[in-house]
K.L.:
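The structure's right below; bear with me while I get my questions together.
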Amino acid sequence: MREFLEGGDATLQIAKRALESGQHVLSRSQLSILAPITNPEKVICVGMNYVDHCLEQNVPVPKEPIIFSKFPSSIVGPYDSIVLPAESQEVDWEVELAFVIGKRGKNIKEQDAMEHVAGFTVAHDVSARDWQMRKNGKQWLLGKTFDTFCPLGPALVTKDSVSDPHNLGIRCRVNRNLVQDSNTNQMVFKTEALIAWVSKFVTLNPGDLFLTGTPPGVGVFRKPAVYLKAGDVVECEIDELGLIRNPVG
């Protein structure tokens, strides 16, 4: 997929022609759907990026984006299992809107930022709260990057197929119980602002993945706190982008 994205609009047009030809169509039952991008150079994540999530924690809305990362090795497909690590007893859910960079850039202006977006997808920023909030010097990385902690999919929806990425219903269900239910219009920093901010620091390359933050309803802030356990099934869904369903084991 990185190579495909590096080809830019030319490869996208070839893919569209192939689709329109109606040839070589396989049924979904014949396929195993992988994550739309499996080997990004970067997985860039944004903390506290929903107004309603900040209110849930009783913390101020950030004045600048809070950026952290996950390692690409945490990525799994839209229907793969989330593996509970022996090292954590506090694994939590976070549905997120994700976008993928399609065009290289540095110091990108906000008004030009959408030119650098290939498309959008659904992500699950699985989080080990004990490692995120109390251990590892309270650095977030280890708690966010266990293997299988970034389910992604079910497809990369090109930006021309999304009506408005910042006005989409976003939901998470655990065992069919609705635990997160918000709208991407609650995002503090939208796609364009995130690209402009991060590209001040690093060059963005095709395939780079952004996870743009989660709405309220996570387990850690419930009273009492609730965490994922073996046998649970988590569904993350965003309007127009689809649904990912991951069993927990």
Side-chain angles (χ1 to χ4, degrees), residues 1 4-5 8-9 12-13 15-16 19 35-37 40 42-56 61-67 78 93-105 108-125 150-173 178-200 204 206-218 235-245:
M1 180 57 80
F4 177 85
L5 294 173
D9 193 56
L12 193 59
Q13 292 307 317
K16 284 181 177 177
L19 181 64
I37 180 83
K42 309 178 195 68
V43 181
I44 297 161
C45 306
V46 188
M48 282 20 146
N49 199 34
Y50 275 69
V51 173
D52 47 8
H53 185 46
C54 294
L55 294 174
E56 171 184 52
V61 174
K63 298 281 196 293
E64 295 175 341
I66 298 170
I67 302 298
W93 57 82
E94 290 192 7
V95 60
E96 309 213 359
L97 172 70
F99 65 85
V100 177
I101 295 296
K103 177 183 171 186
R104 179 182 168 94
I108 300 164
K109 292 185 172 59
E110 216 169 300
Q111 61 264 33
D112 301 327
M114 272 298 179
E115 296 174 17
H116 294 264
V117 175
F120 296 85
T121 192
V122 182
H124 184 181
D125 180 16
C150 189
L152 201 63
L156 178 61
V157 181
T158 53
K159 60 190 174 188
D160 59 331
S161 298
V162 181
S163 59
D164 179 358
H166 307 119
N167 191 24
L168 300 174
I170 179 170
R171 293 169 289 281
C172 178
R173 295 180 182 86
L178 188 65
V179 291
Q180 293 183 279
D181 186 14
S182 186
N183 191 290
T184 58
N185 63 19
Q186 290 288 304
M187 286 169 62
V188 181
F189 302 101
K190 309 293 197 277
T191 299
E192 298 90 337
L194 294 173
I195 289 173
W197 177 257
V198 173
S199 70
K200 291 179 182 179
L204 297 178
D208 285 352
L209 175 67
F210 278 71
L211 275 61
T212 63
T214 200
V218 295
E235 295 177 323
C236 295
E237 182 179 24
I238 301 177
D239 292 350
E240 301 182 30
L241 304 182
L243 179 146
I244 62 176
R245 181 183 293 107

K.L.:
I'd like to check Val117 versus Pro165 (side-chain heavy atoms, cut-off strictly below 4.5 Å). Are they in contact?
P.N.:
no
K.L.:
Tell me, do Val162 and Leu241 make a side-chain contact under 4.5 Å, heavy atoms counted?
P.N.:
yes
K.L.:
Would you compute the distance between atom CE of Met114 and atom CD1 of Ile108 and round it to the nearest 0.5 angstrom?
P.N.:
12.0 Å
K.L.:
As an exercise, state the distance from OG of Ser199 to CZ of Arg104, rounded to the nearest 0.5 Å.
P.N.:
12.0 Å
K.L.:
Do His53 and Val218 come close enough that some side-chain heavy atom pair is under 4.5 Å?
P.N.:
yes
K.L.:
Might you point out which heavy atoms bring Gly105 and His116 nearest each other, and give the distance in Å?
P.N.:
CA-CE1, 3.9 Å
K.L.:
Less than 4.5 Å apart, any side-chain heavy atom of Lys42 and any of Val198?
P.N.:
no
K.L.:
Roughly how far, to the nearest 0.5 Å, is the CD atom of Glu115 from the CD atom of Glu192?
P.N.:
11.0 Å
K.L.:
Using modelled atom types only, decide if a donor and an acceptor are shared between the side chain of Glu94 and the backbone of His124 within a distance under 3.5 Å.
P.N.:
no
K.L.:
Quick one, Thr184 with Asp239, criterion side-chain contact (heavy atoms from CB on, under 4.5 Å). Give me CA distance, side-chain angles, the key distance, then yes/no.
P.N.:
CA-CA 10 Å; Thr184 58; Asp239 292 350; over 6 Å; no
K.L.:
Considering all heavy atoms of both residues, which atom of Cys172 and which atom of Cys236 are nearest to each other, and what is their separation?
P.N.:
SG-SG, 4.2 Å
K.L.:
Of all heavy-atom pairs between Leu5 and Ile101, which one has the smallest distance, and what is that distance?
P.N.:
CD1-O, 3.8 Å
K.L.:
Please report the closest heavy-atom contact between Asp164 and Leu168, naming both atoms and the distance.
P.N.:
O-CG, 3.4 Å
K.L.:
To the nearest 0.5 Å, tell me how far Leu204 CG sits from Lys103 NZ.
P.N.:
12.0 Å
K.L.:
Any sub-3.5 Å donor-acceptor pair from Gln186's side-chain atoms to Pro215's backbone N or O?
P.N.:
no
K.L.:
Taking the side chain as everything from C-beta on, heavy atoms only, tell me whether Phe4 gets closer than 4.5 Å to Leu12.
P.N.:
yes
K.L.:
Any side-chain heavy-atom pair from Ile67 and Trp197 closer than 4.5 angstrom?
P.N.:
yes
K.L.:
Quick one: does Leu211's side chain get under 4.5 Å of Val46's, heavy atoms only?
P.N.:
no
K.L.:
Measuring from atom CD1 of Ile44 to atom OG1 of Thr212, what distance do you get when rounded to the nearest 0.5 angstrom?
P.N.:
12.0 Å
K.L.:
Evaluate the side-chain contact (heavy atoms from CB on, under 4.5 Å) criterion for residues Leu152 and Thr121: first the C-alpha distance (whole Å), next the side-chain angles of each, then the deciding distance (0.1 Å), finally the verdict.
P.N.:
CA-CA 7 Å; Leu152 201 63; Thr121 192; 3.8 Å; yes
K.L.:
Got a second to check how far Met48's CE is from Phe189's CZ, nearest 0.5 Å?
P.N.:
11.5 Å
K.L.:
Show the nearest heavy-atom pair for residues Glu56 and Gly217, with the distance to one decimal.
P.N.:
OE2-N, 2.7 Å
K.L.:
For the residue pair Asn185 and His166, establish whether any side-chain heavy-atom pair is separated by less than 4.5 Å.
P.N.:
no
K.L.:
Tell me, with the steps shown, if Asn49 and Ile66 meet side-chain contact (heavy atoms from CB on, under 4.5 Å).
P.N.:
CA-CA 8 Å; Asn49 199 34; Ile66 298 170; over 6 Å; no
K.L.:
Which atom names give the shortest non-hydrogen contact between Met1 and Pro36, and what distance separates them?
P.N.:
CG-O, 3.2 Å
K.L.:
I'd like to know whether Thr214 forms a side-chain contact (heavy atoms from CB on, under 4.5 Å) with Trp93, so could you lay out the CA-CA distance, the side-chain angles of the two residues, the decisive distance to 0.1 Å, and finally the verdict.
P.N.:
CA-CA 9 Å; Thr214 200; Trp93 57 82; over 6 Å; no
